[in-house]
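Counting starts at 1 for both ligands and their atoms, in listed order. Treat the numbers as computed from the prediction; the structure is a model and nothing was measured.
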Amino acid sequence: MPKATFLGHSCVTLTDGKYNLIIDPFLTDNPQAAVKANEIKAHYVLITHGHGDHVGDGIAIAKRNNAMVIANYELANMCGAEGVNIHPMHIGGGHNFEFGRVKLTIAHHGGGYGPDASRYTGPPVGFLITIGGKTVYHPGDTGLFYDMKLIGEMNHIALAFLPIGDNFTMDVDDAVKAVEFLKPRKVVPFHYNTWPLIEASPKEFAAKVQGTEVVILKPGEAVEF
Ligand code: NI
Ligand code: MN
């Protein structure tokens with residue numbers, strides 16, 4: 001069984017026992033971080049958008065592990081200019097990798113990089129990642145969007161991570177609606193309580209979701225899927 005480990009905020013690792021993926025590797029400066037960036041062993045680094053709390057330590061981790069960065073075309077090329085291996089993709093496109101498949105979805109959000117978020121890194125994306133024969137949905141940062149219904153219809157999602165922290169992303173109630181659309185077998189709330197601005201209650205989320213198993217993970221905890 002493949003396994004997902006939550007490392008805090010939106011940072012997740014996936015493994016099938018052979019390949020290790022890390023998504024949105026924001027660890028340094030992440031008050032929730034369960035591990036240090038220099039402890040990460042990864043073959044692939046997936047980044048949903050250019051904001052600092054998602055790019056995080058991605059370039060350093062990719063360099064140290066000789067890993068491949070998977071991101072949208074603009075963000076991937078920005079990482080490539082730093083000397084790391086890249087696989088640029090774009091929204092609606094999928095690609096078969098050694099571990100399985102990655103497909104990029106839309107996300108409703110921003111994407112600037114740098115101290116003033118002014119460097120263009122293309123549109124934000126979400127990832128549908130198939131590993132060990134199971135599909136995980138990591139939507140990055142996004143508001144609720146109705147195409148989640150289509151994503152749910154066209155994919156058997158074993159595990160979805162959904163932001164619930166409000167202000168920059170969906171709140172609890174919108175994430176509950178997202179679960180209705182996506183119909184994942186398991187859902188893990190994330191992108192909350194990292195800072196006071198995005199405080200939210202995962203227990204409220206768990207109480208409101210119906211028909212899907214809600215798994216509340218503390219940073220460092222894992223779930224099989
Ligand atoms: Ni963001
Ligand atoms: Mn964010």
Between Tyr146 and Phe181, ring centroids under 6.0 Å: yes
Presence of N, O or S from His9 under 2.8 Å of the Mn ion (ligand 2): no
Name of whichever N/O/S atom of Asp141 is nearest to the Mn ion (ligand 2): OD2
Ring centre gap for His90 and Tyr73 strictly below 6.0 Å: no
Nearest to the Mn ion (ligand 2) - the N/O/S atom of Asp53, by atom name: OD2
Angle subtended at the Ni ion (ligand 1) by His49 NE2 and His109 NE2, rounded to 10 degrees: 100°
Asp53 near the Ni ion (ligand 1): N/O/S under 2.8 Å: no
For the Ni ion (ligand 1): the N/O/S atom of Asp141 at shortest distance: OD2
Contact check: His49 to the Mn ion (ligand 2), N/O/S below 2.8 Å: no
Aromatic centroids of His138 and Phe190 separated by under 6.0 Å: yes
Lys/Arg N to Asp/Glu carboxylate O, Glu180 vs Lys177, below 4.0 Å: yes
The Ni ion (ligand 1) reached by His51 (N, O or S, under 2.8 Å): yes
Angle in degrees, rounded to 10°, that NE2 of His54 and NE2 of His191 form at the Mn ion (ligand 2): 110°
Proximity of His191 and His54 rings by center, below 6.0 Å: yes
Phe97 and His87 aromatic centres sub-6.0 Å: yes
